[in-house]
Amino acid sequence: MSMLDFRYLRCVMKREWKCPDSEINFFLYTPERPYQQRVDVRRIQLLPKIGWKLTRKNVFIIHGFNGTHSKTPMSFIRDAYLWRKDYNVFMVDWSQLSRFPCYLSALANMRLAAQCSAQLYSYLTQSGVLAKMITCVGHSLGAHICGMMSGHLTEKQNKIIGKCFT
């Protein structure tokens, strides 16, 4: 029996942690295609068709509470990695689960965001990417999600960068 999500005001508290989840989205940016491309985690084998390259380093960038994948400061971080020309940049968007004023819901939803992000991370390592070629960058609660991803991985993450912008 499926449990319903708990929704109140603009808030959503997920009751089931199943990936993929329609409220957690992934977007790929590459030096050749520096624009938003949705990653369909159900058809992950198509990543090379949208510009992902096995030979590049990879970075996951995860926003915090009341943030989005496309606004500052996350867009500054994304653009800095793209400027280097040697990164596949994955933006994790869990904004529907981390909206203001829903801080307590966001805290509860971090577990699902970490689990779904870890699935994408695992696909990369199963495709031949070494853990040392993947970095997770998180802002605020996003930094915690980077850390929580490790609980869903069989191989330890190599690099996690947590940031707090004021």
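Excluded from the calculations below are hydrogen atoms, water molecules and symmetry mates; all remaining heavy atoms, backbone and side chain alike, are included.
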Does [X] share a hydrophobic cluster with [Y], counting links as ILVMFWY side-chain heavy atoms below 4.5 Å and allowing steps through other members?
X      : Y      : value
Met148 : Leu153 : yes
Val89  : Ile160 : no
Leu130 : Met149 : yes
Ile44  : Ile134 : yes
Ile161 : Val59  : yes

Nearest 0.5 Å please: distance from the [atom1] atom of [X] over to the [atom2] atom of [Y].
X      : Y      : atom1 : atom2 : answer
Leu28  : Arg33  : CG    : CZ    : 8.5 Å
Ser140 : Ile145 : OG    : CD1   : 9.5 Å
Met133 : Thr125 : CE    : OG1   : 13.0 Å
Asn25  : Met91  : CG    : CE    : 12.5 Å
Leu141 : Asn66  : CG    : CG    : 10.5 Å
Thr30  : Lys85  : OG1   : NZ    : 9.5 Å

Can a side-chain donor-acceptor contact be found between Trp94 and Asp21 if the only test is distance below 3.5 angstrom?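 The criterion, which ignores hydrogens and geometry beyond distance, is not satisfied for Trp94 and Asp21.
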
Other residues, nucleotides and ligands only: do more than 12 of their heavy atoms fall within 6.0 Å of CZ on Phe76?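 No - once you tally the heavy atoms of other residues, nucleotides and ligands closer than 6.0 Å, there are 12 at most.
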
With sequence neighbours left out, write down each residue that passes side chain to side chain donor-acceptor pair (under 3.5 Å) with Ser150, or none if nothing qualifies.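 Partners of Ser150 by the side chain to side chain donor-acceptor pair (under 3.5 Å) criterion, ordered by chain and then number, come out as Gln157.
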
Sequence neighbours excluded - salt bridge (charged side-chain N to carboxylate O under 4.0 Å, His left out) pairs with any residue from residues 91-100: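 For residues 91-100: none.
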
side-chain contact (heavy atoms from CB on, under 4.5 Å) between Lys53 and Glu32, worked out: CA-CA 11 Å; Lys53 292 190 177 164; Glu32 299 82 18; 3.6 Å; yes

Candidates Tyr121, Phe60, Tyr123 - the one meeting ring-ring contact (aromatic ring centres under 6.0 Å, His included) with Phe90: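 Single pass found, and it is Phe60.
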
Run the side-chain donor-acceptor check on residues 106-116: report pairs under 3.5 Å with partners two or more places apart or on a different chain.
from: Asn109; atom 1: OD1; to: Lys14; atom 2: N; distance (Å): 2.9
from: Asn109; atom 1: ND2; to: Val12; atom 2: O; distance (Å): 2.7
from: Asn109; atom 1: ND2; to: Leu97; atom 2: O; distance (Å): 3.1
from: Asn109; atom 1: ND2; to: Ser105; atom 2: O; distance (Å): 3.0
from: Gln115; atom 1: NE2; to: Trp17; atom 2: O; distance (Å): 3.1

Without swapping roles, check the side chain of Asn58 against the backbone of Arg56 for a donor-acceptor pair under 3.5 Å.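 Side chain of Asn58 to backbone of Arg56, a donor-acceptor pair under 3.5 Å: yes, one is there.
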
